[in-house]
Amino acid sequence: FSVGISAFYRTVDRMKISIIINISHVILMILLIFILAEIYSPISAVILSMIICAAIFLGIHLFIIRGILRNGYEKK
């Protein structure tokens, strides 16, 4: 999903939003790995962290894209 979403952000000149979301994605994934590693095995923690983060940030991306499309495209 990220490949198509990044192309959309480049098209509407909103790359700053994409960069901030991707940095927070990495930070949350690292934190989740450490937290889940205490509960589950390390490989399960990594897999769960990837699934949880992907679902959360896909929802965030879609929410932001909906706002951009709803308000109309304005070049900044």
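Just so it is clear, the values below take in all heavy atoms, side chains as well, and ignore hydrogens, waters and symmetry mates.
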Hydrophobic side-chain clustering at under 4.5 Å (ILVMFWY, transitive links): who's grouped with [X]? Put none if nobody.
{"X": "I20", "result": "none"}
{"X": "V26", "result": "I30, F34"}
{"X": "I35", "result": "none"}

Could you list the donor-acceptor pairs under 3.5 angstrom formed by side chains in residues 42-59, with sequence neighbours left out?
from	atom 1	to	atom 2	distance (Å)
S44	OG	S41	OG	3.0
S49	OG	M29	O	3.0

In this structure, would [X] and [Y] fall into the same cluster of hydrophobic residues linked by side-chain contacts under 4.5 Å?
{"X": "I64", "Y": "I23", "result": "no"}
{"X": "I65", "Y": "I60", "result": "yes"}
{"X": "L28", "Y": "I33", "result": "no"}
{"X": "L69", "Y": "M15", "result": "yes"}

d(I19 CD1, H25 NE2) to nearest 0.5 Å is 15.5 Å
**Q.** Beyond-backbone contact of N22 with H61, side-chain heavy atoms, under 4.5 angstrom
**A.** yes
The side-chain contact (heavy atoms from CB on, under 4.5 Å) partners of R66 (sequence neighbours excluded) come to F63, R70
